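This report refers to the structure that appears directly beneath it.
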Amino acid sequence: MSGRPRTLFEKVWDRHLVSGPVQDGMPSVLYIDLHLIHEVTSPQAFSELESRGLGVRRPDQTVATMDHSTPTEPGVSMRDLDILDPRGADQLDRLLSNCTRHGIELHPLGSRYNGIVHVMGPELGLTQPGMTVVCGDSHTSTHGAFGALAFGIGTTEVGHVLATQALLMHKPKTLEIKAEGMLPAGVTAKDLILGIIASVGIDGGTGHVIEYTGSAIRSLDMEERMTVCNMSIEAGSRAGMIAPDETTFSYLKNRPGTPSGPGWREAVAFWESLPSDPGASYDRSVVIDAAVLEPMVTYGTNPGMAIPVTGRIPDPNTLPPGQMKGLGKALSYMDLTPGSQVCGREVQAVFLGSCTNSRISDLRAAATILDGKKVAPGVRMLVVPGSEQVKRQAEAEGLSEVFLAAGAEWRNPGCSMCLAMNTDRLGPGEYVLSTSNRNFEGRQGPGGRTFLGSPLTAAATALSGRITDPREVM
Amino acid sequence: MEPFVTVGGSPVPLLVDNVDTDQIIPASFLKVVDREGLSGGLFHGWRFLEDGTPDPGFVLHQPKHRSSPILLTGENFGCGSSREHAPWALQAWGFRVILGLGFADIFRGNAHRNGLLTVTLDAETHRSLLASIQADGDAQVSVNLEMQEVTLPDGTASSFEIDAFAKHCMLQGIDPMGHLLEQLPAIEAFEAGHDGRGNGFSIQKDAGTS
Ligand code: SF4
């Protein structure tokens, strides 16, 4: 195509622009290809539609799952929930009736394709390069790993998309994060994104869509790319994107939602046109040296408060003023001493799960470390696969056996202890090494304290009961 | 949604940076299919002591702040989860305006669509406002959306930016849904020419095997 070189983001944006701003300060109308919904952020949107006498305009472009408030104890079904958790059951019932009434494809609790919304969409091939994808959930950024423009929306906007299949939006700016070099052994995509957030800051991406580029990104597989894009929102960016390539296409081939035959070849030809043109410019660019990264862990109460596992916690008194705001408050919540090491800190729980790190490769990575060993006495380890498909695959590969033999709990899919809406939660004051994405105060249970890290760090920590550098046990 | 009229009051200082939406309303309060009970969950982790009783020292519980419609906070307010329950909870408590040094994108959009105004102050104005409040806990400000102005306790006015469309909707008290519905003919026309990919991906309905 001739004309000004465009970025991946601009190509996808332009392709979905129903109309640009009619005057300064007015939003554009952006067409939405795929709308994913779940039980927690959709009920009020359906009620709004009803009160306005509106229907769902494109149920065929809407797919639902149950994930946030669902139980993960093996053997607990939707019917048991009526007694165990009537309010959670209410949400699930409401989603079921809304989907039935409006003809929306739903993957209910326990069904073959059920899973965390950001695990389910990609594994079904619903998420494809060049699409616009939204969901009432901030980690919708995950789907950007495929070169889709994917971002979280509020419940009012869920209503807008249900009613019109479009959104009113101001065009965001672009931020290129170029990660060059090879990740060293024991350093994963999770460590890369934690390193990126620590470097750009938790509001470093506000107002911007990130495009991750560079050799470190190109060499990641799709599950690793999803881990990276997943946490774009933790840097303040609603969306993070990676240009589609052979890695993307081979992941998508033969998925239930992707075309086959001539349709597949057409799709690939289109997808190949999406990467940013040579010479395309970004509003900002940041370069990260991936080759010097170490396994990262957080020590504070936001994902930007992360250090190499071998490092020391910064001291609020010796930092330049204005840096790392809220550090003192965070350390007092975490009951950690400035200048001390995170490595060696005791934990009472390890959580392997969430839309960041609950895919098959995450479980495999953890299993290689746990194989034939035991979780430390007094440590509760929860392994929560991201979807029914991941669960079945892990069982077929014998990974679940490894986890169970090590003394970990093997659960049903769901968000689980990532946000503790069900009974999977920390007690007050307890520490967890968690592969999820948020270490906010109380996120994993009121009073609970979170260290975020990779699946490798989680497994290594589970064995010793203390934060452990995974490179020591690999 | 109520049209936004000029709001005045004594700002409640919650001077924490990066207040995430999990603090504004914890996940346990999201188990609703409507908007019930949200004000009870507002800042729940900070408002209550370990034994479950309200912390009288928490700023929202101080009698002089109990009915103020204005919250004053720091940088990057509303980061994290996209839950619209966060602005709903703030409104249910009685807030109409949040003054701060910056807001997360999703939160700001959610707030404006519900008529909760976020105002980003420059650092100097923020500092002087804070000093006024610290000197006089009853210091008053007034926020005029039409003029895009905050009148500080010393009578000086400070202007703020807001996107024209959000301002229009808030002043009129309208949800943008109406505007979007008016675009339906354009959306349909667009759809007719839009590449089918992404429009026909629906997988087999055998999926619901539970
Ligand atoms: S796993 Fe956690 S972050 Fe992901 S969708 Fe569920 S609650 Fe949100």
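Note that the structure is a prediction, hence the values are computed from the model and not measured. Here is the naming used below: chain letters follow the sequence lines, and residue numbers restart at 1 for every chain.
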Side chain, backbone, both or neither: which part of B:P26 has an atom under 4.5 Å from a heavy atom of chain A?
neither
Among B:A104, B:S81, B:P87, which residue forms the greatest number of heavy-atom pairs with chain A at distances under 4.5 Å?
B:S81
Tell me, for A:R255 versus chain B, whether the close heavy atoms (under 4.5 Å) come from the side chain, the backbone, both or neither.
neither
Distance-minimising heavy-atom pair for A:G152 and B:I106:
O-CD1, 3.8 Å
For the CG atom of B:D175 and the CZ atom of A:R52, what is their distance to the nearest 0.5 Å?
5.0 Å
Option passing side chain to side chain donor-acceptor pair (under 3.5 Å) with B:E84 (candidates A:T156, A:T41, A:T155):
A:T156
Taking NZ, NE, NH1 and NH2 as the nitrogens, is one of them in B:E36 or A:R87 under 4.0 Å from a carboxylate oxygen of the other?
no
Once rounded to the nearest 0.5 Å, what's the spacing between atom CG of B:D22 and atom OG1 of A:T301?
11.5 Å
Please examine the side chains of A:E39 and B:L30, heavy atoms only from C-beta on, and report whether any two atoms are closer than 4.5 Å.
no
Side chain, backbone, both or neither: which part of A:D85 has a non-hydrogen atom closer than 4.5 Å to chain B?
side chain
Nearest heavy-atom approach of B:V33 to A:S47 is O-OG, 4.4 Å
Side-chain heavy-atom pair A:V40, B:R83 within 4.5 angstrom cut-off
no
Counting only non-hydrogen atoms closer than 4.5 Å, does A:A166 touch chain B with its backbone (N, CA, C, O), its side chain (CB onward), both, or neither?
both
May I ask you to decide if the ring planes of A:H16 and B:H194 are parallel, tilted or perpendicular, using 30° and 60° as cut-offs?
perpendicular
Tell me which of these, A:H139, A:E234, A:K329, has more heavy-atom pairs under 4.5 Å with chain B than the rest.
A:K329
When rounded to the nearest 0.5 Å, the distance separating OG of B:S28 from CG of A:L419 is 9.5 Å
Hey, mind stepping through B:M177 and A:L49 against side-chain contact (heavy atoms from CB on, under 4.5 Å) and telling me if it holds?
CA-CA 10 Å; B:M177 174 81 98; A:L49 249 58; 4.1 Å; yes
Any side-chain heavy-atom pair of B:H85 and A:Q44 under 4.5 Å
yes
Determine whether A:V18 and B:E191 make a side-chain contact, defined as any pair of heavy atoms from C-beta on separated by less than 4.5 Å.
no
Tell me whether B:Q23 contacts the main-chain N or O of A:E441 through its side chain, where contact means a donor paired with an acceptor under 3.5 Å.
yes
As an exercise: rank A:D24, A:N302, A:L17, A:V133 by heavy-atom pairs under 4.5 Å with chain B and give me the winner.
A:L17
The interface call for B:H179 against chain A, heavy-atom contacts under 4.5 Å, is side chain
Residue part contacting chain A, namely of B:E188, when any heavy atom lies under 4.5 Å
both
In terms of heavy-atom pairs under 4.5 Å, which option from B:D17, B:D163, B:L180 contacts chain A the most?
B:L180
Taking A:G207's backbone N and O only, do any of them form a donor-acceptor pair with B:D105's side chain (distance below 3.5 Å, no angle check)?
yes
Using a 4.5 angstrom heavy-atom cutoff, name the option from A:L54, A:N422, A:T127, A:L95 with the most pairs to chain B.
A:L54
Taking every heavy atom of A:G154 against every heavy atom of B:N110, the minimum-distance pair comes out as CA-OD1, 3.2 Å
Under 4.5 Å heavy-atom distance to chain B, tell me which part of A:R443 shows up: side chain, backbone, both or neither.
both
Kindly indicate whether the side chain of A:D90, heavy atoms from C-beta on, has any atom under 4.5 Å from the side chain of B:K31.
no
In terms of side-chain geometry, is the basic nitrogen of B:D20 or A:R438 positioned less than 4.0 Å from the acidic oxygen of its partner?
no
Considering only heavy atoms and a distance below 4.5 Å, find which of B:F29, B:F103, B:W88 pairs most often with chain A.
B:W88
Could you report the tightest heavy-atom contact between B:G80 and A:I233, atom names first, then the distance?
O-CG1, 4.1 Å
Taking all heavy atoms of A:R15 and all of B:F190, pick out the closest pair and write down the distance.
O-CZ, 3.3 Å
Distance-minimising heavy-atom pair for B:S82 and A:G136:
OG-C, 3.7 Å
From CD1 (A:I202) to CG (B:N76), nearest 0.5 Å:
5.0 Å
Interchain contact, A:L92 with chain B, by part (heavy-atom threshold 4.5 Å):
neither
Measuring only between side-chain heavy atoms, which start at C-beta, is B:Q183 closer than 4.5 Å to A:S19?
yes
